[in-house]
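To keep things clear, I will list the structure first and then write my remarks on it.
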Amino acid sequence: MLEKWKGREGEEMEVFEEFRLLTAEVISRTAFGSNYLEGKKIFEMLTRLSILVINNYYKTKIPGISMIWKTADEVESEKFAKGIHDRVMEMVKRREKNVSVGESDNVGNDFLGLLINAYRDSDEKNRFSVEDLVDECKTFYFAGQETTNSLLAWTVLVLAIHTEWQEKTRREMNMVINETLRLYSPVSAVIRKVGKEAQLGRLVLPANMEVMIPIMALHHDPQSWGDDVHLFKPERFSQGIASATKYNSAAFIPFSMGPRSCVGMSFATTETKIALSMILQRYAFTLSPAYVHAPFPIITLQPQHGIQVMLHPL
C-alpha cells in the first residue's frame, strides 16, 4: 500500500478505501492463508448481506410467512448466504485435497486450519458442523476486516484535523487510538445480559434482562466524560483507561466487555498500531477540502462519503 502511495504524494487520497483493501488482505493472509483476490467475492457478498440485514432488522414479520412467500430481500440474502457457503467450502476442500495428494502434511495451523480440524474431529461432541465452520469464517472475514478498517480510517481523520497530535502519536499511540475508539467506536451497539441490577450511565437496568446498548450513548455521556465529551482530547487517557473512566468499566466498551468481549480486540489494535506507525514514519497529512463529515452505521461505523486527506512526505 505504501509503495503505491509513493506516486501519489501531494495528492488527495481517499484512505477508507485504501484501508479496506489493506485490512482485507491482512485478515485473508493471517486467518485463511489466502489473499484478498481469493476472498474478494466473499467480502463483497458479506457486505451486501450486512446491508440487507440492517435494512430489515426493525421490520415486523409474520411468523411462518416466509415458508409461503419470500420478499426480494429474503431471496437475495439466501443467494448471498449460499454463495458464501460454497466459497468457504471450496477453500476447505482445497486444503483437504493438498493433504490427500501429499502436497501438505496438514490442513494448516492458521484460523481456517483450526476450524477444519474441529470439523474433522473424531469426537462427535467436539466436532464442528458445516454450518458452524461457515459461520465462524463469515464472522472472522467480516469482523476481522471491518473493525480495523473503521478504526484506522477514523484515526487518520482525527489526526488530519488535529495535526499537532501527529508528532505526539509518533511517540505514544495508545491515547490517540483510545480516544478515536471513544469518539468513533467501530461497533454501534452491543447486546448484554444483565445478571443483576446494574447502573449503566444514567440508566438502571433490571436483573436478567438482555439489552442492546448503543455504544455511542455511553462514549458520549457527559456524566461519565465531562462537558468536553465531544472534543478530541487524547490526554484524557494519559493515566490509562481506568482513570479516564473514573474506574467505571462499562463507560468505555469499544470491543464490548466480559464474556461477550471481541476475541479480535488485540488483533485489531495491533494491526492499527503497525499500519499507523508505518504511515507516520513516512507522511504527515492534512484534511482535504473535499471531505464531508457523515458517520454512517452499517453494523460498523463508516464514513458515508469516504475520508479524503492530503499526503505530505516527511
Side-chain angles (χ1 to χ4, degrees), residues 19 143 147-190 192 194-205 211 213-281 283-287 293 295 300-301 307 314:
F19 294 150
T147 51
T148 316
N149 183 13
S150 176
L151 175 54
L152 259 175
W154 292 120
T155 304
V156 166
L157 171 72
V158 294
L159 289 175
I161 296 171
H162 305 275
T163 53
E164 72 279 7
W165 272 95
Q166 290 182 33
E167 185 56 42
K168 296 175 185 176
T169 306
R170 291 184 181 99
R171 297 192 300 268
E172 210 291 323
M173 201 167 285
N174 287 332
M175 290 190 295
V176 169
I177 288 177
N178 284 334
E179 182 68 342
T180 304
L181 285 169
R182 187 187 69 80
L183 288 170
Y184 301 102
S185 184
V187 181
S188 55
V190 292
R192 296 270 297 152
V194 182
K196 56 184 179 180
E197 187 177 289
Q199 181 83 26
L200 196 62
R202 299 177 185 179
L203 300 174
V204 177
L205 305 177
V211 293
I213 303 165
I215 292 179
M216 281 294 190
L218 295 176
H219 291 182
H220 293 189
D221 182 5
Q223 194 173 53
S224 298
W225 298 97
D227 294 335
D228 59 359
V229 65
H230 297 297
L231 299 180
F232 176 71
K233 292 186 67 176
E235 62 267 27
R236 72 176 86 240
F237 288 97
S238 61
Q239 302 302 314
I241 293 173
S243 177
T245 58
K246 302 179 179 66
Y247 300 92
N248 176 7
S249 59
F252 183 67
I253 51 171
F255 294 97
S256 191
M257 63 185 293
R260 286 184 184 264
S261 62
C262 175
V263 70
M265 177 176 68
S266 295
F267 183 90
T269 51
T270 301
E271 184 181 346
T272 298
K273 288 177 182 179
I274 292 170
L276 198 58
S277 64
M278 291 178 72
I279 293 167
L280 287 168
Q281 283 171 7
Y283 296 102
F285 38 88
T286 52
L287 197 62
H293 194 61
T300 58
L301 189 67
I307 294 176
L314 296 176

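One N or O on the side chain of Ser277 and one on the backbone of Ile274 form a donor-acceptor pair closer than 3.5 Å. Checked by atom type and distance alone, the side chain of Arg236 never pairs as donor or acceptor with a backbone atom of Ala244 at under 3.5 Å. No side-chain donor-acceptor contact under 3.5 Å links Arg182 to the backbone of Pro234. At distances below 3.5 Å, at least one donor-acceptor pair connects side-chain atoms of His219 with backbone N or O atoms of Ile253.
Atom CD of Gln239 sits in a sparse spot, with 12 or fewer heavy atoms from other residues, nucleotides or ligands closer than 6.0 Å. Annotation: Asp227, atom CG; neighbour count of heavy atoms from other residues, nucleotides and ligands within 6.0 Å does not exceed 12.
Taking both residues in full, the closest heavy atoms of Glu179 and Leu231 are given as OE2-O, 3.1 Å, listed atom of the first, atom of the second, then distance. Among all heavy-atom pairs drawn from Leu183 and His220, the shortest one is O-NE2, 3.3 Å. Residues Met216 and Leu301 share a closest heavy-atom pair of CE-CD2, 3.2 Å. Tyr283 and Arg170 get closest at one heavy-atom pair: O-NH2, 3.1 Å.
Residue Thr269 holds its OG1 atom at 6.0 Å from CZ of Phe255, rounded to the nearest 0.5 Å. For the atom pair CG of Leu280 and CZ of Arg171, the computed distance is 12.0 Å after rounding to the nearest 0.5 Å. In this structure, CZ on Phe285 lies 11.0 Å from CD1 on Ile307, to the nearest 0.5 angstrom. Distance CG/Leu159 to CG/Leu287: 11.5 Å, rounded to 0.5 Å. The NZ atom of Lys233 lies 12.5 Å from the CH2 atom of Trp225; values are rounded to the nearest 0.5 Å. Of the inter-residue distances, the one linking Asp221 atom CG with Phe252 atom CZ reads 14.5 Å to the nearest 0.5 angstrom.
Applying the side chain to side chain donor-acceptor pair (under 3.5 Å) rule to pairs touching residues 154-163 yields Ser150-Trp154, sequence neighbours excluded.
Two residues are said to be in side-chain contact when any heavy atoms from C-beta on lie closer than 4.5 Å; Pro254 and Ser185 meet this criterion. Side-chain contact between Glu271 and Leu151 is absent, with no heavy-atom pair separated by less than 4.5 Å. Side-chain contact between Lys246 and Ser224: absent, with no pair of heavy atoms (C-beta onward) separated by less than 4.5 Å. Residues Ile161 and Phe232 form no side-chain contact, since every pair of their non-hydrogen atoms from C-beta on lies 4.5 Å or further apart. In this structure the side chain of Ile279 reaches within 4.5 angstrom of the side chain of Phe19, judged on heavy atoms.
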Would His293 and Leu157 satisfy side-chain contact (heavy atoms from CB on, under 4.5 Å), going step by step from the backbone distance to the final call? CA-CA 10 Å; His293 194 61; Leu157 171 72; 4.0 Å; yes
Test side-chain contact (heavy atoms from CB on, under 4.5 Å) on Leu276 and Val156 and set out the steps. CA-CA 8 Å; Leu276 198 58; Val156 166; 4.1 Å; yes
Tell me, with the steps shown, if Lys273 and Asn174 meet side-chain contact (heavy atoms from CB on, under 4.5 Å). CA-CA 8 Å; Lys273 288 177 182 179; Asn174 287 332; 2.7 Å; yes
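When the side chain to side chain contact (heavy atoms under 4.5 Å, CB included) test is applied to Thr147, the partners found at least two apart in sequence or on another chain are Pro186, Val187, Ala268, Thr300.
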